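Since the structure is predicted, the reported quantities are computational estimates derived from the model, not experimental observations. What you see below is based on every heavy atom in this structure, not just the backbone, and it leaves out hydrogens, waters and symmetry mates. Protein chains get the first letters and strands the later ones, always in sequence-line order, with residue 1 at the start of each.
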Amino acid sequence: MKNTAIVKVFSDIADLLELKGENAFKIRAYQKAARAIEHYPKEIRIMLDEGENLRNIPGVGEAIAKKTTELVTTGKLGYYENLKAEFPEGITNLLAIPGIGPKTANRLSSELGVSSVDALEQAIKGGRVAKLFRLGDKTADNIRQQIQALRRKDQRIPIGEALPIVDEILGSLRSLPGVRNLTYAGSLRRFRQTLGDIDLMGTADNPKEVIDTFVALPHMGQVLAQGSTKASAIAPGGLQVDLRMVEHDSFGSMLQYFTGSKQHNISLRERGHRQGLKLSEYGITDLATDKLEKFAIEEDFYHRLGLQYIPPELREAQGEVERAEQGTLPKLVELSDIKGNLHSHTDWSDGRNSIEEMVLAAKKLGYQYIAITDHSAAYGLDAERVRRQIAEIRALRERLDGIHVLTGIEVDIFADGRLDLPHEILSQLDIVIGAVHSAMNQSEEKMTRRVLSAIGDPDIDIIAHPTGRLLGECQPPIAIDLEAIFRAAVKNNKVLEINAWPGRLDLNDIHAFRARELGVKLAIDTDAHTVADLDFMRFGVGVARRAWCEPQHILNTLSLEQVLGFLSKK
DNA sequence: GCCGTTTTCGGCCCGACTGTTTTCAGTCG
């Protein structure tokens with residue numbers, strides 16, 4: 001059983017306990033444990049196999065550890081089954097509707113016999129919901145609208161789609177006179193791979209003007225709310241964007257608060273509480289004197305608590321507060337640490353630009369090197385064309401200076417683990433990237449053996465997009481035992497890719513975290529198919545930062561000489 | 001149900017909004 005399945009069970013238990021009216025702290029304990037497991041880099045199944053104590057996971061104590069063990073070893077949890085039996089099936093779906101909490105859901109069920117979203121909609125139409133005590137016409141109508149919004153609303157939006165839109169909005173507003181701070185907060189600032197909505201915030205001499213301009217931006221759709229300091233509107237793609245203008249002298253604590261995550265903020269507040277401090281978006285109150293200290297700068301907020309500044313990507317309540325306390329936070333990799341791009345395509349296969357255009361674009365980014373890694377025979381280059389491309393790149397090297405071009409290939413790993421080009425060809429190339437592009441539906445066992453075989457092949461340097469997933473599309477990740485892949489990569493000194501192409505982001509943050517923990521060398525590759533795609537590097541760096549990666553964990557932070565040295569050692 | 005630089009028991013983040021009220025319950029982020 002995968003961690004995601006365990007998370008579902010404990011989230012469900014929390015919902016059911018809410019409906020039951022259980023102790024709020026007990027409910028929170030289940031929610032907290034679910035979130036901790038969701039972000040935990042190691043599969044529970046493996047922890048149990050290795051005899052590791054589940055209580056190492058923060059938020060998992062004796063009771064939940066025992067329940068988790070039962071769930072993973074038997075595939076079932078008696079406590080959960082009994083709890084489910086106490087309620088009509090589907091009632092927890094009501095809790096997913098904004099505005100409906102446990103109290104309302106319970107009353108809808110017990111007083112109206114409503115236990116599904118469809119039935120609720122009918123009850124609202126029939127006027128039965130508005131008649132309930134302490135509810136009314138307005139509440140009923142709000143619920144109706146929320147149900148419609150829920151149906152209309154797409155899935156969470158990939159960060160690659162959201163960020164360009166947000167950049168454009170911010171660009172339009174920053175040019176207004178008197179704007180001093182304007183940035184994004186929330187899950188976008190933490191660089192989560194998919195986003196539910198966007199939080200923007202800033203300070204300005206005339207906040208009203210910024211708000212008015214914001215809602216009137218040409219590509220902005222329906223305006224959901226508009227006041228003097230706050231507005232919500234729908235951007236292209238159905239993305240809800242909230243803009244909040246705050247006082248300049250509390251911008252730092254506001255930004256901290258609205259960046260989250262919620263669990264990170266709770267950890268901070270619990271810690272503050274032990275120091276006799278009360279934390280809020282307005283600042284820090286010393287409980288002894290009841291005096292509020294405001295923060296214009298976010299860094300100062302953390303320093304006041306005796307903590308290192310915690311980068312937004314780390315704020316997921318995974319031990320970052322403790323590390324900040326000890327002063328041992330990682331020095332995260334930055335976009336400026338990246339010295340080259342090791343995975344790119346040209347019009348020799350399915351790319352759109354010539355080799356020279358790609359190389360010049362990479363040079364313009366300040367890179368020391370770029371590897372040209374077109375697809376192998378199945379998609380592009382057979383042995384003969386590889387030889388010709390090598391010759392062309394050598395000729396190009398003569399003409400260009402200031403950047404080095406590595407010869408390479410993205411070679412297909414066949415269903416049986418063989419590569420689709422022979423050793424005598426692959427051995428002539430500077431860099432060989434192996435990838436799975438076909439027979440994606442193999443069993444976990446077959447797929448794992450297939451990729452392990454490629455990792456063991458001396459010609460292979462890097463495995464590209466190791467799980468094959470495509471964000472927001474119908475392509476689910478392949479079934480593969482990543483733990484085995486990671487261990488083999490370490491053993492064979494092979495590199496795994498963080499594919500920065502925004503539709504992939506593969507390895508993802510959690511996988512990359514685990515890989516790094518085990519000592520796997522990672523490469524952040526754009527998989528560029530056009531010169532513009534080379535800018536995707538920032539998405540991969542975002543994933544690496546969420547995985548707590550430092551420059552030394554990333555192959556392409558090395559200088560040209562170091563990279564060539566690494567590749568020649570294989 | 002979890003957890004500990006006052007604690008193995010007794011706490012557990014904080015503030016705001018909304019709709020329904022006439023002082024507040026419920027919900028959200």
Quiz item: Does a nitrogen or oxygen in the side chain of A/Ser267 sit under 4.0 Å from OP1 or OP2 of B/dC13?
Solution: no

Quiz prompt | B/dC14 OP1/OP2 closer than 4.0 Å to side-chain N/O of A/His273 | solution = yes

Quiz item: Is the distance from OP1 or OP2 of B/dC12 to the nearest side-chain N or O of A/Lys32 less than 4.0 Å?
Solution: no

Quiz item: Looking across every strand, which nucleic acid part, if any, lies under 4.0 Å from A/Asn265 by heavy atom: base, sugar-phosphate, or nothing?
Solution: nothing

Exercise. Just compare B/dG15, B/dC13, B/dG26 and give me whichever is closest to any side-chain atom of A/Glu281.
Key: B/dG15

Quiz item: Nearest to the side chain of A/Arg134 - B/dT27, B/dC24, B/dC14?
Solution: B/dC24

Quiz item: Heavy atoms, side chains only, cut-off 4.5 Å: are A/Asn181 and A/Leu255 in contact?
Solution: no

Quiz item: Which of these nucleotides, B/dA16, B/dC13, B/dC2, is closest to any side-chain atom of A/Arg28?
Solution: B/dC13

Exercise. Can you figure out which of B/dT5, B/dT27, B/dG15 approaches the side chain of A/Arg274 most closely?
Key: B/dT5

Quiz item: Tell me, do A/Leu163 and A/Tyr184 make a side-chain contact under 4.5 Å, heavy atoms counted?
Solution: yes

Practice problem: Kindly say whether, by distance alone, the side chain of A/Tyr257 makes a donor-acceptor pair under 3.5 Å with the base of B/dG29? | Solution: yes

Exercise. Indicate, with a heavy-atom threshold strictly under 4.0 Å, whether A/Asp137 touches base, sugar-phosphate, or nothing.
Key: sugar-phosphate

Exercise. Identify whether NZ of Lys or CZ of Arg in A/Arg244 sits under 6.0 Å from the centre of the six-membered ring of A/Phe258 and within 45° of that ring's axis.
Key: yes

Quiz item: What nucleotide, of B/dC14, B/dC24, B/dC2, holds the atom closest to the side chain of A/Ala29?
Solution: B/dC2

Practice problem: Using a heavy-atom cut-off of under 4.0 Å over every strand shown, decide if A/Leu268 touches base, sugar-phosphate, or nothing. | Solution: nothing

Quiz item: Which of these nucleotides, B/dG1, B/dC28, B/dC14, is closest to any side-chain atom of A/Ala63?
Solution: B/dG1

Exercise. Ignoring the backbone of A/Lys138, work out which of B/dG29, B/dT27, B/dT20 is nearest its side chain.
Key: B/dT20

Quiz prompt | salt bridge (charged side-chain N to carboxylate O under 4.0 Å, His left out) assessment of A/Arg274 paired with A/Glu325 | solution = CA-CA 14 Å; A/Arg274 294 197 290 273; A/Glu325 193 170 350; over 6 Å; no

Quiz item: A/Phe301 has an atom CZ; how far is it from atom P of B/dC14, in whole Å?
Solution: 11 Å

Quiz item: Would you say B/dC12 has OP1 or OP2 under 4.0 Å from some side-chain N or O of A/Lys26?
Solution: no

Quiz item: Is a donor on one side and an acceptor on the other found under 3.5 Å between the side chain of A/Ser110 and the backbone of A/Asn106?
Solution: yes

Practice problem: Whole angstrom is fine here: how far is it from CG in A/Leu277 over to C1' in B/dC13? | Solution: 13 Å

Practice problem: For A/Ile27, report the nucleic acid contact type (base, sugar-phosphate, nothing); a contact means any heavy atom under 4.0 Å. | Solution: nothing

Exercise. Choose from B/dG19, B/dG15, B/dC12 the nucleotide whose nearest atom is closest to any side-chain atom of A/Thr139.
Key: B/dG19

Quiz item: Among the nucleotides B/dG1, B/dC13, B/dT27, which one has an atom lying closest to any side-chain atom of A/Lys103?
Solution: B/dT27

